[in-house]
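None of the values given here were measured: they were computed from a predicted structure.
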Amino acid sequence: MNRLSSLLFLMVLCFYNTSVNFAQVRRSLGPPVNHPTFNEYAPSISANNKTMIFETDRAGEGKWELYYTTKNEKNRWTPPKPIVNINKIGKDNDLIGGPSISYDGKTLFFFASFEGGQGDMDIYHSTWNGTDWSEPKTFGNNINTKAYEGFPSVSADGKSMYFIRDNFSKRKDKALCYTIWVSKKQDDETWGVAEKLPAPINMDCEKAPRIMADNRTLIFSSVRKDGVGGFDLYQSFQEDDGSWSTPINLEYINTEEDDQFASVSAAGDLMYYHTAGDIYTVTIPDKYRKYKLVTVDGKVIDAITKQPIATKLTSKSSNPKERAINTVVDANGLFSMIYRVGSKYDVTTSPLADYLPYRGKMDMSTAKETDNIEKNIELIPKKLVFQFQLLDKDTKAILKDPKVKVMDAETKQLLEVKVDKDIANVTLEIGKLYKFAANTLGYSFFSRSFKPDTVDAFKDRLKKIPLAVLKKDVVVQLQDITFETGKAELKPESGEELDRLVALLDGNKTIKVEISAHTDDVGNDDANLKLSEKRAKAVVDYLTTKGIKADRMIAKGYGETQPLVPNDTDENKAKNRRVQFKIN
């Protein structure tokens, strides 16, 4: 091959590669979305990139309506269908257009010329109820006026709505021009008085604004000196001080046609837009993307029942320059949250009466914008039903007719206990301290302090309580019998447990018991023995004052001679300091 032939070959190859790259960047969606006979305008893509709503005249006779399409399991767009609940409101000559899906997928914004409106065109909204879109509702006077209002776009945080108004001017080619306005949501959830965006956004002839998922990047159509055709697409970024940067001509998209109605995926990697009567898509070059974003879809549910919960999620970035992200979760529990790739977030829920506060993490430090992240948020109920079943300590047989008492340790109030099929049921609050006691005829009692925690929510909450049968030589350790250090005087809180022993002895008149006291190994052996004897006698004296005959009881002190566990830690020493009774 000679030098000239080689050069020609390289030129052809370069042209071929350029054409292939161009084809990869910009392509028509084709059928079934685009129809060869009709026009498709103003596409709006959901945050998960699986639903598209657009404006089209395919109903015929010049009528413009809203249609939707979804992606199937093969990631292909399905044949579009009309949104009947919205389209049926319009009359034959009404225009319904400019759809915009909120980033959480729950609200559809659009404009229409419905009868009874305030102006030529008004902005409306419809909510998704889980199966269909609701009947449209109009916005108040702060947004709709006697002028033309259209092409609404609401920020991902739900706090700003951008739209156009007729500025009553016309280009030389007679096409209508508009100005871009913004309304801010107020603390009472109403929309404030709209304000016209300043230059360099509004210059003369603008149209169809779209605010991106970062709440700062605005893409809109405009007729400007540096344009390629009629309307071209431009991009501006809102700085920290609220000003807008000089709009950049999106030259990788713009053609001699009117290029308009941009909608960008939440991840920020794909743009859908209208040109030449059809919907096209294009991959956005990195240089036009200040931030890369990733979408997290999920559901807020009850950790136990798995039922959906309505709440509000707040995501705060570890980067103080990032704004907090507030996401409203409706009764269906579904949410979509948009995060910056590379950031880490603390996620909390709004206070809920029936659930513990949620504090979780969303780590996007290694995420990719193409990731399809799904994460459920499980809220733990504040109150859970616990069950108690009494068993014979030796045979493990289930004991009939359980007697169970549960008391709030702080308020001293007894809780309602319901017995069903030999199982006692009681509702307890996570994090609260309770005192639990159980017994049944012919057996000793069992008592403990009990403080349910979050781990208990995910455990088997059926507690099996072993009771010792009342027979000779059975030993039962008493709980919460306390004395002053080195002394034998009972503390007042010892009375609750000792009263249980009084009830046991009252109900079993033939039983005689040995009351024994034990110490740890701290101090002199002889002194510990004498102290334990005094403590055992103090317990017998208490029982005597409650009507138990002295000849049914023996006080015995063992000092440190019968440890339960080695006296090698403070915890073990506490276990060895005890009072118990043995049936004689």
Side-chain angles (χ1 to χ4, degrees), residues 38-44 53-59 61-68 82-83 85-102 107-127 133-154 160-171 173-183 191-197 201-202 204-211 218 220-223 230-231 258 260-263 273-274 277:
F38 301 106
N39 295 290
E40 291 74 36
Y41 276 81
S44 179
I53 297 177
F54 59 93
E55 169 189 351
T56 178
D57 60 352
R58 65 181 63 197
E61 300 180 356
K63 187 174 183 180
W64 292 90
E65 296 181 328
L66 302 185
Y67 276 62
Y68 74 96
I83 302 180
N85 272 6
I86 294 176
N87 294 338
K88 70 180 181 182
I89 304 298
K91 295 185 177 180
D92 289 343
N93 61 343
D94 279 335
L95 184 153
I96 308 172
S100 175
I101 312 174
S102 63
T107 308
L108 176 61
F109 304 90
F110 61 95
F111 72 94
S113 57
F114 293 151
E115 184 178 357
Q118 292 173 255
D120 184 21
M121 293 288 172
D122 290 319
I123 294 175
Y124 294 81
H125 65 98
S126 176
T127 56
W133 292 103
S134 69
E135 184 173 322
K137 293 183 180 180
T138 186
F139 285 91
N141 299 336
N142 288 344
I143 290 177
N144 290 326
T145 67
K146 292 182 179 180
Y148 179 118
E149 279 87 23
F151 296 98
S153 177
V154 175
S160 302
M161 179 191 291
Y162 297 82
F163 61 95
I164 61 169
R165 276 184 181 157
D166 186 352
N167 71 1
F168 304 104
S169 67
K170 291 187 178 182
R171 291 161 34 207
D173 60 6
K174 306 299 183 182
L176 284 173
C177 288
Y178 305 86
T179 50
I180 297 175
W181 295 66
V182 63
S183 173
W191 291 97
V193 176
E195 297 180 356
K196 180 180 174 182
L197 292 189
I201 302 295
N202 283 312
D204 179 45
C205 197
E206 329 305 332
K207 198 174 182 181
R210 292 284 186 160
I211 188 69
L218 187 71
F220 60 99
S221 303
S222 183
V223 179
F231 276 103
D258 282 337
Q260 310 175 81
F261 315 124
S263 179
Y273 67 103
H274 164 85

Considering all heavy atoms, the nearest [X]-[Y] contact:
{"X": "Ser263", "Y": "Pro43", "answer": "CB-O, 3.0 Å"}
{"X": "Gly98", "Y": "Ala42", "answer": "CA-CB, 4.0 Å"}
{"X": "Gly230", "Y": "Asp258", "answer": "CA-OD1, 3.2 Å"}
{"X": "Ala59", "Y": "Lys63", "answer": "CB-O, 4.3 Å"}
{"X": "Ile201", "Y": "Glu206", "answer": "O-CD, 3.4 Å"}

Quick one: [atom1] on [X] to [atom2] on [Y], what's the gap to the nearest 0.5 Å?
{"X": "Phe231", "Y": "Ser222", "atom1": "CZ", "atom2": "OG", "value": "7.5 Å"}
{"X": "Ser100", "Y": "Ile53", "atom1": "OG", "atom2": "CD1", "value": "9.0 Å"}
{"X": "Arg165", "Y": "Glu149", "atom1": "CZ", "atom2": "CD", "value": "4.5 Å"}
{"X": "Ile86", "Y": "Leu108", "atom1": "CD1", "atom2": "CG", "value": "4.5 Å"}
{"X": "Glu55", "Y": "Leu66", "atom1": "CD", "atom2": "CG", "value": "7.0 Å"}

I would like to know whether Trp64 and Asn39 meet side chain to side chain contact (heavy atoms under 4.5 Å, CB included); could you show each step before the answer?
-> CA-CA 9 Å; Trp64 292 90; Asn39 295 290; 3.7 Å; yes
Give a yes or no on whether the backbone of [Y] and the side-chain of [X] come within a donor-acceptor separation of less than 3.5 Å.
{"X": "Asp57", "Y": "Phe38", "result": "no"}
{"X": "Asn202", "Y": "Ile180", "result": "yes"}
{"X": "Ser183", "Y": "Gly192", "result": "yes"}
{"X": "Asp120", "Y": "Ser113", "result": "no"}
{"X": "Ser44", "Y": "Ile101", "result": "yes"}
{"X": "Arg58", "Y": "Glu65", "result": "no"}
{"X": "Ser134", "Y": "Thr127", "result": "yes"}

On the 0 to 90° scale, with breaks at 30° and 60°, tag the Tyr148-Tyr178 ring pair as parallel, tilted or perpendicular.
-> tilted
For the residue pair Phe109 and His125, categorise the inter-ring angle as parallel (less than 30°), tilted (30 to 60°) or perpendicular (more than 60°).
-> tilted
Would you check, one step at a time, whether the test side chain to side chain contact (heavy atoms under 4.5 Å, CB included) holds for Val182 with Leu197?
-> CA-CA 7 Å; Val182 63; Leu197 292 189; 3.6 Å; yes
Val154 vs Ile211, side chain to side chain contact (heavy atoms under 4.5 Å, CB included): CA-CA, chis, key distance, verdict | CA-CA 7 Å; Val154 175; Ile211 188 69; 5.9 Å; no
In Tyr41, Tyr273, Phe220, Phe54, the residue satisfying ring pair (Phe, Tyr, Trp, His ring centres under 6.0 Å) with Phe261 is Tyr41
For a quick test of your reading: what N or O donor-acceptor pairs under 3.5 Å do the side chains of residues 135-142 make, sequence neighbours left out?
from: Thr138; atom 1: OG1; to: Asn144; atom 2: ND2; distance (Å): 3.0
from: Asn141; atom 1: OD1; to: Gln118; atom 2: NE2; distance (Å): 2.6
from: Asn142; atom 1: ND2; to: Trp191; atom 2: O; distance (Å): 2.9

In sequence, state the C-alpha distance, the side-chain angles, and the governing distance for Ile96 and Phe110, and then conclude on side chain to side chain contact (heavy atoms under 4.5 Å, CB included).
-> CA-CA 7 Å; Ile96 308 172; Phe110 61 95; 3.8 Å; yes
Does the side chain of Trp181 reach to within under 4.5 Å of the side chain of Pro209, using non-hydrogen atoms?
-> no
